[in-house]
Amino acid sequence: MPGGRLIVPARLADACRATPAAERWLAALPDEIETLARRWSLSLGSPFEGEDVTCSWVAPARRADGWPVVLKVGMPHLEGEHEIAGLHFWNGDPTVRLLDADDDLGAMLLERCEPGTSLRALPDAEQDVVIAALLRRLWRAPVAPHPFRALSVMLDHWRDEALARRDAWPDAALVGDGLRLFEELGRSASGDVLLATDLHAGNVLRAEREPWLVIDPKPFVGGRAFDATQHLLNCRARLGADPAGTIGRFSDLLEVDSDRVRQWTFARVAVESGRGRRREAVELARALATAGARR
């Protein structure tokens, strides 16, 4: 590609079967990528594959001058709607740099991370330190007017998904507690900042310009404690084994209130169980609730 058959990673193809809109996006993708490759004079490599490739088509490329870059075309979805605006806002500190973009196509020409090793290659304790340092750098308040939505917009979307499955909730009281915390914790406050919302070890890559750079931000404006949750939820084994200790260590590194992080983490997992996302979510939510009761 261009000129050949487009390769679509298996996890992305599976995700696109979820809705008619995603299927239409996937059907139009080959023509869009060919258009972008011509516009930006790109020679494209095979797309990246892996567990994190579910909402975008992403491939290494070279510009006509030989410079290595990455082409990313995002599937339209609520959480990633302002990724381009977020990359403009952070301007490479500490994210990958946005070199060019097409807002209508959700397309980005990005700085390539070399060697591009995922932070997942490091032990868990070292991941905590790196991610905490990156989050503290990301947390800045955008100056109005700006395009970014309040965190409550994403929480409302998750709430609606859960309510649509009410009859299938595995533990109605647990899901209800999570939804109440969404309402309480998600209210806007004076100290709110622009959050990455999806920062975990798979979205941090080894680079030359800096030791580690952030990819794939999903920006919303909200309280800092929420941004601790995605990394914690990607460490489910140790989170389930020692909820209080795992959350306390990471919260200390972030310099945020550990009980608020625990509440956010519980709320996300409890509502996740109501959305039918993970079978083990109920057990983890109960462990998080018990950790709070012991404090």
Side-chain angles (χ1 to χ4, degrees), residues 1-38 40 42-63 67-81 83-84 86-87 95-102 105-122 124 127 130-131 134 196-208 212-218 230-231 233-237 277-278:
M1 189 75 194
R5 181 175 176 273
L6 182 70
I7 299 171
V8 178
R11 289 179 66 88
L12 177 59
D14 288 343
C16 288
R17 296 188 186 101
T19 66
E23 290 181 333
R24 290 193 295 273
W25 173 81
L26 185 60
L29 189 61
D31 288 343
E32 292 178 355
I33 289 174
E34 189 163 1
T35 296
L36 292 164
R38 285 198 304 268
W40 290 331
L42 302 177
S43 298
L44 295 172
S46 297
F48 297 113
E49 303 210 31
E51 61 184 287
D52 298 312
V53 184
T54 58
C55 294
S56 302
W57 189 91
V58 191
R62 287 193 179 273
R63 299 190 310 200
W67 194 259
V69 292
V70 167
L71 175 63
K72 178 176 184 178
V73 185
M75 179 175 68
H77 64 295
L78 179 142
E79 295 170 27
E81 185 176 327
E83 180 176 356
I84 291 173
L87 290 170
T95 64
V96 290
R97 285 185 173 134
L98 182 67
L99 307 176
D100 210 334
D102 185 315
L105 297 180
M108 291 155 266
L109 193 64
L110 301 168
E111 169 187 14
R112 193 192 301 185
C113 294
E114 298 283 8
T117 310
S118 166
L119 182 60
R120 287 196 176 111
L122 268 60
D124 288 350
Q127 292 180 23
V130 171
I131 289 180
L134 291 169
T197 77
D198 191 31
L199 188 56
H200 55 80
N203 281 341
V204 178
L205 301 182
R206 179 76 76 180
E208 292 180 328
W212 301 100
L213 290 174
V214 173
I215 63 169
D216 201 27
K218 296 179 173 63
Q230 192 60 57
H231 172 57
L233 293 176
N234 277 56
C235 304
R236 289 183 184 242
R277 294 302 172 117
R278 285 178 180 262

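In terms of heavy-atom proximity, Gly45 sits nearest to Ala59 at O-CB, 3.7 Å. Across every non-hydrogen atom of Trp212 and Thr117, the tightest pair is CZ3-O, 3.5 Å. Taking all atoms of both residues into account, the shortest heavy-atom contact from Ala10 to Glu49 is N-OE1, 3.9 Å. What you find for Ala207 and Leu213 is that their closest heavy atoms are CB-CD1, 3.6 Å.
In this structure, CD1 on Ile215 lies 6.5 Å from NZ on Lys72, to the nearest 0.5 angstrom. Expressed to the nearest 0.5 Å, how far CG of Leu12 lies from CG of Leu26 amounts to 6.5 Å. In this structure, Arg112 CZ and Glu208 CD are separated by 10.5 Å, a value rounded to the nearest 0.5 Å. Here CG of Leu110 is found 12.5 Å from CZ of Arg97. Values are rounded to the nearest 0.5 Å. Atom CH2 of Trp67 is separated from atom CZ of Arg62 by 10.0 Å, given to the nearest 0.5 angstrom. We find the CG-CG distance between Asn203 and Leu134 to be 11.0 Å, quoted to the nearest 0.5 Å.
Side chains of Pro76 and Trp25 form a contact here, defined as non-hydrogen atoms less than 4.5 Å apart. Within the 4.5 Å cutoff, no side-chain heavy atoms of Arg206 are placed close to those of Cys113. With contacts defined as side-chain heavy-atom distances shorter than 4.5 Å, the pair Leu44/Ile33 qualifies. The side-chain heavy atoms of Gln127 and Asp124, taken from C-beta on, include a pair separated by under 4.5 Å. At a threshold of 4.5 Å between non-hydrogen side-chain atoms, the residues Val58 and Leu71 do not count as touching. Residues Glu32 and Val73 are in side-chain contact: their nearest non-hydrogen atoms beyond the backbone lie under 4.5 Å apart. Counting heavy atoms from C-beta outward, Leu119 and Leu205 have side chains that stay 4.5 Å or more apart.
Look at Glu81 and Lys218 and you find no salt bridge, because none of the NZ, NE, NH1 or NH2 atoms lies under 4.0 Å from a carboxylate O. Arg11 and Asp14 are not joined by a salt bridge, as no carboxylate oxygen comes within less than 4.0 angstrom of a charged side-chain nitrogen.
If you run side-chain contact (heavy atoms from CB on, under 4.5 Å) between Met108 and each of Val69, Leu87, Val70, only Leu87 comes through.
A cation-pi arrangement is not found for Arg63 relative to Trp40, the charged atom failing to lie both closer than 6.0 Å to the ring centre and inside a 45° cone about the ring normal.
Here the side chain of His200 pairs a donor or acceptor atom with the backbone of Gly202 at under 3.5 angstrom. At distances below 3.5 Å, not a single donor-acceptor pair connects side-chain atoms of Gln230 with backbone N or O atoms of Asp198. The backbone N or O of Ala201 sits less than 3.5 Å from a side-chain atom of Ser118, completing a donor-acceptor pair. A donor-acceptor distance shorter than 3.5 angstrom exists from the side chain of Trp57 to the backbone of Ile7, with no hydrogens or angles considered.
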* Check the pair Leu6 / Leu29 against side-chain contact (heavy atoms from CB on, under 4.5 Å), numbers first and verdict last. => CA-CA 8 Å; Leu6 182 70; Leu29 189 61; 3.9 Å; yes

* Go through Ile84 and Asp102 one step at a time and tell me if the side-chain contact (heavy atoms from CB on, under 4.5 Å) criterion holds. => CA-CA 9 Å; Ile84 291 173; Asp102 185 315; over 6 Å; no

* To do: In sequence, state the C-alpha distance, the side-chain angles, and the governing distance for His231 and Asn234, and then conclude on side-chain hydrogen bond (donor to acceptor under 3.5 Å, both in side chains).
  => CA-CA 5 Å; His231 172 57; Asn234 277 56; over 6 Å; no

